[in-house]
Participant: 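So that we are looking at the same thing, I have put the structure below in structure tokens.
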2 protein chains.
Amino acid sequence: MSLDHRSGCPINLSLEVFGDRWSLIVLRDMIFGGRRHFRELLNGSMEGIASNILADRLKRLMELGMLTKADDPSHKQKAIYSLTEMAITLVPILAHLGAWGRVWLPVSEELSIRAELLEKGGPPMWDKFMDELRHEHLGMPLDTPADATVRATLQAAYEAVVASKALGASTTA
Amino acid sequence: MSLDHRSGCPINLSLEVFGDRWSLIVLRDMIFGGRRHFRELLNGSMEGIASNILADRLKRLMELGMLTKADDPSHKQKAIYSLTEMAITLVPILAHLGAWGRVWLPVSEELSIRAELLEKGGPPMWDKFMDELRHEHLGMPLDTPADATVRATLQAAYEAVVASKALGASTTA
DNA sequence: AATACTGATTGCATTTTGCAATCGGTTGCA
DNA sequence: TGCAACCGATTGCAAAATGCAATCAGTATT
């Protein structure tokens, strides 16, 4: 944790935390992709993060208090990364960021459906999602019985779009 | 505008826009500081941006459609930078970012009062602020008569904290 | 015993960043 | 008419970050 900051401005300090091209990508994959292991993050990364960058970011995010690391009981050298409350409360920011990107940037249809649903779900959906993340990562009791988790809902919507696009491509070809 | 993106994910694309240590700082100073000129941004920058970095970011933000540049009628070589709608709609994100930073990072009291007020004001205040920015930067008509602008309100609060801290320091010394 | 997988680390070339000095042109003032 | 101050940048250069490929030692599987 670096103690010398450029300024005490909240926006600046936030930028010092994830003002780079990879930190938020790692957190996104953990939050929305449910990834907990190094290899999952490495191979599952859509943007193709390099292993040294990933190792560096995981270390940095741990130093910053956004992640913790624990041993996986099933595999002696397997490590499980967990989100802290600090990282979980990024959900509303990620939702806004996704909503903004969806409006102004050349997003792909299948990758923006999650952002769309999360935007439409609004704060209630974000709260439910954060509750689920606290359960998964912090071992907190789950409020609702959770018939379908937010992540599963988003994932299902994503897969539906992918399937529908594949269908459309085959019928219009 | 680079056409080769790492992925079509909204969060990734947003990160490609301001996933660096300076872009959002420049936008913050324009939005909250009301700065429109190169020198204002250069000398007024709390974090001490270098002139080449500033020039590069202004150029990049223009290419991305976040800023426009116009001649200042009062000074032949003076340029006025304006926010586009794309940049103005970042206000809610900046508000959330400030709120998050205020909770989790070592913010200074005087620099976080703006974030606190903006958080408490919520979406209605953000909308009013965005309306004012559209008036300032895009020449749009102003809805409300605007007794006190949001920026002036935030600035006054900032100065009040600074004054109160100076007072406290002198009386406790 | 062989193979594949675990979380990384190393070396190295390329790219980006940050700092300091400086540029040519404009403006205000004496 | 000179001249200093200011305008938006640009240049040169060192340092840091990034990205890629190869590799590591320990662990599990077969």
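Below, read A as the first sequence line, B as the second, and so on, with proteins coming before strands; counting in each chain starts at 1.
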Participant: Any idea which of C:dA20, C:dG7, D:dG19 is nearest the A:N52 side chain?
Facilitator: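 Between C:dA20, C:dG7, D:dG19, the one nearest the side chain of A:N52 would be D:dG19.
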Participant: Give the rounded distance in Å between these two atoms: NZ of B:K78 and P of D:dA5.
Facilitator: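 From B:K78 NZ to D:dA5 P: 17 Å.
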Participant: Which of the following nucleotides, D:dC7, C:dC19, C:dT17, is nearest to the side chain of B:D20?
Facilitator: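 Of D:dC7, C:dC19, C:dT17, C:dT17 is nearest to the side chain of B:D20.
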Participant: Relative to the 5' end of DNA chain D, which residue comes earlier, A:S74 or A:I53, by the nucleotide with the nearest heavy atom?
Facilitator: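 Taking each residue's closest nucleotide, the earlier one in sequence belongs to A:I53.
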Participant: For A:I49 and C:dG7, give me the distance from atom CD1 to atom C1', rounded to whole Å.
Facilitator: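 Distance check: A:I49 CD1 to C:dG7 C1' gives 14 Å.
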Participant: A:I25 has an atom CD1; how far is it from atom P of D:dG19, in whole Å?
Facilitator: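 To the nearest whole Å, that distance equals 11 Å.
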Participant: Between the side-chain atoms of B:Q77 and the base atoms of D:dG8, is any donor-acceptor pair under 3.5 Å?
Facilitator: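 A donor-acceptor contact between them is absent.
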Participant: How many whole angstroms separate atom NZ of B:K59 from atom P of C:dT16?
Facilitator: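 Checked: the NZ to P distance equals 12 Å.
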Participant: In whole angstrom, give the distance that lies between atom CG of A:L42 and atom P of C:dG7.
Facilitator: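 Atom CG in A:L42 sits about 9 Å away from atom P in C:dG7.
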Participant: Between B:R39 (CZ) and C:dT27 (P), how many Å, whole number?
Facilitator: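 Going from B:R39 (CZ) to C:dT27 (P), I get 15 Å.
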Participant: Is there a side-chain polar atom (N or O) of B:R57 under 4.0 Å from OP1 or OP2 of C:dT17?
Facilitator: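 True: B:R57 side-chain N/O within range (under 4.0 Å) of C:dT17 OP1/OP2.
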Participant: For A:K69, answer base if it contacts any base atom (sugar-phosphate contacts may also be present), sugar-phosphate if it contacts only those atoms, and nothing otherwise; contact means non-hydrogen atoms under 4.0 Å.
Facilitator: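 Here A:K69 touches the backbone only, sparing every base.
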Participant: Quickly work out the A:R21 CZ to D:dT18 P distance and round it to whole Å.
Facilitator: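 Computing the A:R21:CZ to D:dT18:P distance gives 10 Å.
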Participant: Distance only, no hydrogens: is a donor on one side chain within 3.5 Å (strictly under) of an acceptor on the other, for B:W104 and A:T89?
Facilitator: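 Indeed, the side chains of B:W104 and A:T89 share at least one donor-acceptor pair under 3.5 Å.
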Participant: Closest nucleotide of DNA chain C for B:S51 versus for B:D56: which of these residues is on the 5' side?
Facilitator: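 Of the two residues, B:D56 wins.
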Participant: Both B:A55 and B:R6 contact DNA chain D. Taking the nearest nucleotide for each, which residue is further toward the 5' end?
Facilitator: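 Between the two, 5'-proximity favours B:A55.
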Participant: In Å and rounded to the nearest 0.5 Å, what is the CZ to CZ distance from A:R114 to A:R28?
Facilitator: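 Interatomic distance, A:R114 CZ to A:R28 CZ, rounded to 0.5 Å: 8.5 Å.
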Participant: Kindly state whether the ring of A:F129 and the ring of A:F32 have centres lying under 6.0 angstrom apart.
Facilitator: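 Yes.
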Participant: I need the CZ-C1' distance between A:R36 and C:dT6, as an integer number of Å.
Facilitator: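 Computing the A:R36:CZ to C:dT6:C1' distance gives 17 Å.
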Participant: Between B:K69, B:E136, B:R36, which is the residue that forms a side chain to side chain donor-acceptor pair (under 3.5 Å) with B:S82?
Facilitator: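 Only one option passes, and that is B:R36.
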Participant: Considering only side-chain heavy atoms of A:H75, which listed nucleotide, D:dA28, C:dC19, C:dG7, is closest?
Facilitator: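 Of all the options, the side chain of A:H75 is nearest to D:dA28.
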Participant: Within the structure provided, determine whether A:V162 and A:K165 are in side-chain contact (heavy-atom separation under 4.5 Å).
Facilitator: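 Side-chain contact under 4.5 Å: no.
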Participant: Does a nitrogen or oxygen in the side chain of B:W22 sit under 4.0 Å from OP1 or OP2 of C:dT16?
Facilitator: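 Indeed not, no polar side-chain atom of B:W22 lies that close.
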